Amino acid sequence: MPAYITTPIYYVNDRPHIGHAYTTTVCDVWARAMRLRGEDVFFLTGTDEHGVKVEKSAAAKGVTPQALADENAAEFQRVLKVFGLTNDDFIRTTEPRHEKQVQHFVKRLLDAGSVYLGTFEGWYDEGQEEYYTETRAKELDYKSPISGRPLTRATEQNYYFKLSSFQKQLEDFFAANPDFVQPAARRNEVLGRLRDGLQDVPVTRTNFTWGIPFPGDEKHVIYVWIDALFNYITALGLGEPGGALATERAKYWPAAYHVIGKEILWFHAVIWPALLMALELPMPRRIHAHSFWIADGQKMSKSMGNFVDLPTIEGYFAKYGLDAWRWYMATQGPLQASDSDFRAQHFHETYTSDLVNVVGNCPSRVTAMINKYFEGKMPADSQAGGEWPAKCAAAVAQWNAAIDELDLVGAAQAAMGLLREVDAFIHRTEPFKLAKDPARADELCSILAQCAETVRIAGVLLEPFLPAKMAGLRVALKQDDGAPLAKRVAWGGLAAGTVLDKCALFPRLEA
RNA sequence: GCCGAUGUAGCUCAGGUGGUUAGAGCGAGGGAUUCAUAAACCCUAGGUCGGCGGUUCGACUCCGCCCAUCGGCACCA
């Protein structure tokens with residue numbers, strides 16, 4: 001079954017930071033988990049490269065907007081590699097394939113009567129060349145915050161999208177699909193605002209030129225937001241039915257899971273579905289809006305200078321490794337409705353209590369005993385697993401249910417639970433004491449075989465989170481990673497006699 | 001300003017259609033043990049459940065007001 005996972009496309013005017021890293025890492029864990037189940041996953045990320053900010057930044061640097069976009073997009077792509085992310089494509093909104101299709105879609109909206117030419121009137125700052133909302137203008141006492149000169153009343157012709165005409169259709173859609181927006185708190189925000197009523201939204205601008213020209217009226221540029229949203233379907237070639245891209249990728253729509261930050265919820269939960277309705281395209285499956293990282297209890301901001309930026313993140317890679325970073329992002333991050341605090345000490349404690357003490361130590365003690373008592377050879381289990389096959393099957397079921405819901409914490413806990421049970425089992429049965437009593441050798445064999453096999457299965461479930469370290473575990477257990485999940489988590493994958501290497505996956509580190 | 005959410009142990013959070021001793025994980029302290037990365041295991045949390053007022057025999061759980069934090073308020077990418 002196809003599945004399509006997307007991040008927002010990142011604005012090239014920014015430098016990569018924890019926000020980008022987080023969303024993309026969450027998507028990567030999810031994509032790897034689905035692939036592990038044998039699903040046909042397409043994972044997309046990319047960059048949003050148009051707009052007045054890019055135009056201005058480029059002018060300030062004395063380069064063309066395209067040159068600036070090229071440079072920053074290359075940086076984002078480089079970073080994806082450093083993070084080991086497994087996106088299947090990287091879309092840029094300045095690529096011809098995207099621009100052409102956006103024009104096609106906008107033309108269709110125009111032909112369908114969903115886009116019309118209208119007049120916008122508002123408070124205009126001549127120095128800044130921008131409009132302010134009534135509320136904002138009032139706050140500013142109708143004066144420019146930069147020059148102090150009075151704002152003027154100005155009008156502008158723009159093309160508008162008839163968002164208002166989709167009110168009923170959207171309400172019906174939300175009623176019929178209560179899980180469309182996740183988490184529930186975010187859905188309620190959307191519903192609340194929907195109740196206030198919808199106004200039409202402009203989809204073009206005329207005060208800058210760095211954008212996709214509006215088809216048939218080229219002094220208008222397609223507004224960046226509209227341009228950006230379409231990336232989700234231009235990457236699949238839906239704007240060129242029958243084209244090469246569509247032939248290969250059209251199957252991924254509408255199996256779309258859009259993972260976004262909460263600041264862009266409105267565009268994804270309301271405007272985007274309405275655009276799709278206007279184009280008579282099916283709705284994506286889900287919008288998941290996560291919250292933000294804060295730093296040491298403080299909101300991250302440029303003025304505070306407390307952004308967890310790329311050099312900081314690379315410092316964590318150097319000390320703890322890439323997998324530890326993924327683990328912290330996936331299990332401690334703000335995937336639900338509230339923000340998460342990023343603290344160095346918390347990172348360290350999570351590393352030690354989860355990865356060193358459990359994921360590292362449990363396989364270590366099991367493989368060490370098998371090496372000590374059986375020269376590393378996987379013992380035969382005369383009990384055929386005892387209670388363990390059922391325990392593992394239950395954990396796999398729990399893991400699958402969690403992955404379905406993008407509940408990364410739940411999926412991680414399902415796997416960790418098995419390892420904690422193995423630890424408890426060793427404590428209870430004391431194989432290290434049985435090893436001293438030759439009369440109980442058969443019992444000892446069963447216990448250690450059951451532990452090793454459960455460790456192997458837990459390791460499979462942890463692969464999406466800890467791909468490099470779990471590859472290391474596979475090597476120690478003489479496993480390969482080819483088979484589909486159902487086969488790999490079936491009891492009995494470790495044949496008796498297989499030589500298991502002692503392994504120590506996560507070194508203990510000083511804080 | 002308007003709309004909405006949240007505020008429970010040092011930290012992160014569960015929970016209860018109102019009723020004897022308010023829960024988990026992490027951290028901290030102690031114990032026991034040794035297969036293991038001084039790890040796993042056991043015990044220990046005396047928290048005005050944000051504040052004030054109200055309803056009630058009784059509220060942390062209901063109501064009102066207030067305070068704090070967060071999100072949204074449409075062209076912001």
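This is a predicted model, so every value here is computed, not measured.
- Between Leu419(A) atom CG and U37(B) atom C1' the separation is 15 Å, expressed in whole Å.
- Residue Lys372(A) has a polar side-chain atom (N or O) positioned under 4.0 Å from OP1 or OP2 of A36(B).
- As judged by a 4.0 angstrom heavy-atom cut-off over every strand, Phe506(A) is placed among the base-contacting residues.
- At least one side-chain heavy atom of Ile18(A) sits under 4.5 Å from a side-chain heavy atom of Met329(A).
- Here the separation of G47(B) from A24(B), taken at their C1' atoms, is 15 Å to the nearest Å.
- Residues Trp325(A) and Phe347(A) are in side-chain contact: their nearest non-hydrogen atoms beyond the backbone lie under 4.5 Å apart.
- Distances shown here put a side-chain N or O of Arg508(A) below 4.0 Å from the OP1 or OP2 atom of A39(B).
- Rounded to the nearest Å, the gap between the P atom of G50(B) and that of A59(B) is 16 Å.
- Put simply, the side chain of Asn361(A) and the base of A36(B) share a donor and an acceptor less than 3.5 Å apart.
- Across U6(B) and A14(B), the matching P atoms stand 10 Å from one another, rounded to whole Å.
- The shortest side-chain heavy-atom distance between Pro213(A) and Val221(A) does not fall under the 4.5 Å cut-off.
- Spacing between atom CD of Glu189(A) and atom C1' of G71(B) amounts to 5 Å, rounded to whole angstrom units.
- Phosphate contact (OP1/OP2 of C13(B), side-chain N/O of Ser338(A), threshold under 4.0 Å): present.
- Regarding contacts with the backbone of A39(B), every side-chain N or O of Asn357(A) stays at 4.0 angstrom or more from both OP1 and OP2.
- Using P as the reference atom, U37(B) and G30(B) are 24 Å apart when rounded to the nearest Å.
- Rounded to a whole angstrom, the distance from the P atom of A22(B) to that of G46(B) is 12 Å.
- Counting any heavy atom pair closer than 4.0 Å across all strands shown, Arg343(A) reaches sugar-phosphate atoms only and no base atom.
- In this structure, Val259(A) and Thr23(A) have side chains that are in contact, with non-hydrogen atoms separated by less than 4.5 Å.
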